[in-house]
Amino acid sequence: MSVHSEIKKITTETLRKMKFDKEKITMLTAYDFTTAKMVDAGGVDSILIGDSAANVMAGFETTLPITLDQMIYHTQCVVRGVERALIVADLPFGTYQSNSEKALESAVRMMKEGGAHAVKIEGGIEIEDSIRKIVNAGIPVMGHLGLTPQSIYKFGTYKVRAKEDAEAEKLLSDAKLLEELGCFALVLEKIPANLAKKVSESISIPTIGIGAGPDCDGQVLVYHDMVGMNQGFSPKFLRRYLDLYTEITGAVSQYVKDVKTADFPNKTESY
Ligand code: KIV
């Protein structure tokens, strides 16, 4: 028996059962092999190749510029590092909104070439046909409501969404629609905690919150934010578990000093 077969892989069904059993679901982003390996070894249930790669990997201001080819590349890198977690990959802006055929083509490429276990797409009733088409092809879909960064130019800000009744009602009805369409889970980003609680109690599929309070069925954070690599980003919802920016810049400046003073390499570090 190989080592791999002893590892119990997380599936969409596992997440459904976790909600039923009231066990919280954990998700983090990763975009490369080495990080994915560490995140998987840390025991996270699901890894998201988020289009936040556009921000943290490529340095863009928004998530809009990243392409499907680039997301497929990041997904391939992550897949090679993961043994246990469920791997979900974002379909980037412009690859699923225009029509359902294009959406299915994009999702198929992400599964076939990227090796993802599921795709995530942003939006509710506006992308109903795309979700139906992808789900009907046997591809698991994770929804994403609330602050949907691919619509930043429509919103104009990254502030909390659905504070007003009309937007909150639409969000709740979108969540019910996504469940009906067969999505296996749903990200709720930056919405009031009481709305996230109501949504989580109103649908049978798991909700994964980011800035959506403690009553979601699980939580997701961007890896670079939670390990403190991204100093300029400090929203209220973010808990930093490390200060890697300080650690890494400190290590780099020590290395620079050691080389400049000819302290590195020493005799034991030479052949
Ligand atoms: O792209 C991303 O990282 C995401 C998470 C913030 C949920 O969509």
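Counting starts at 1 for both ligands and their atoms, in listed order.
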Considering only heavy atoms of [X], which atoms of ligand 1 have at least one such atom less than 4.0 Å away?
X: His144; result: 8 (O)
X: Gly50; result: 1 (O), 2 (C), 3 (O)
X: Lys120; result: 4 (C), 8 (O)
X: Asp51; result: 1 (O)
X: Val222; result: 3 (O)
X: Asp90; result: 1 (O), 2 (C), 8 (O)

Worksheet item: For Lys17, what residues pass the side chain to side chain contact (heavy atoms under 4.5 Å, CB included) criterion, not counting sequence neighbours?
Response: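 Here the qualifying residues are Asp21.
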
Item to complete: Verify, without hydrogens or angle tests, whether Asn230 (side chain) and His224 (backbone) share a donor-acceptor contact under 3.5 angstrom.
Response: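 Between the backbone of His224 and the side chain of Asn230 there is no qualifying donor-acceptor contact (under 3.5 Å).
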
Identify the closest protein heavy atom to [atom]: which residue and atom is it, and at what distance?
atom: atom 6 (C) of ligand 1; answer: Ile210 CD1, 3.7 Å
atom: atom 2 (C) of ligand 1; answer: Ser52 OG, 3.3 Å
atom: atom 5 (C) of ligand 1; answer: Leu48 CD2, 3.7 Å

Discussion item. Over 60° means perpendicular and under 30° means parallel, so tell me whether His74 and Tyr31 are parallel, tilted or perpendicular.
Written reply: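 Perpendicular, since the angle between the ring planes exceeds 60°.
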
Worksheet entry | Close N or O approach (Tyr31, ligand 1; < 3.5 Å) |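 Among all N and O atoms of Tyr31, none is under 3.5 Å from an N or O of ligand 1.
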
Should [X] and [Y] count as an ion pair when the cut-off is N to O under 4.0 Å?
X: Asp174; Y: Lys170; result: yes
X: Asp40; Y: Arg84; result: no
X: Arg109; Y: Asp69; result: yes

Worksheet item: For Glu122, is the nearest heavy atom under 4.0 Å from an atom of ligand 1?
Response: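 Judged by the 4.0 Å heavy-atom criterion, Glu122 does not count as contacting ligand 1.
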
Worksheet item: Of the non-hydrogen atoms in Glu61 and Tyr158, which two are nearest, and what is the gap between them?
Response: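 Taking Glu61 first and Tyr158 second, the nearest heavy atoms are O-OH, 3.9 Å.
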
Worksheet entry | Side chain, backbone, both or neither: the part of Thr63 lying under 4.0 Å from ligand 1 by heavy atom |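 No part of Thr63 comes within reach of ligand 1.
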
Item to complete: Report the part of Thr29 (side chain from C-beta onward, or backbone N, CA, C, O) that has a heavy atom under 4.0 Å from ligand 1; answer both or neither where that applies.
Response: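 Looking at Thr29 and ligand 1, just side chain atoms fall under 4.0 Å.
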
Worksheet item: Would Ser200 and Asp215 count as having a side-chain donor-acceptor pair, cut-off 3.5 Å?
Response: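 No donor-acceptor contact under 3.5 Å links the two side chains.
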
Practice prompt. Establish, for the pair Arg16 and Phe184, whether the NZ or CZ atom is under 6.0 angstrom from the six-membered ring centre and no further than 45 degrees off its axis.
Written response: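 No, cation not above the ring by the 6.0 Å, 45° rule.
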
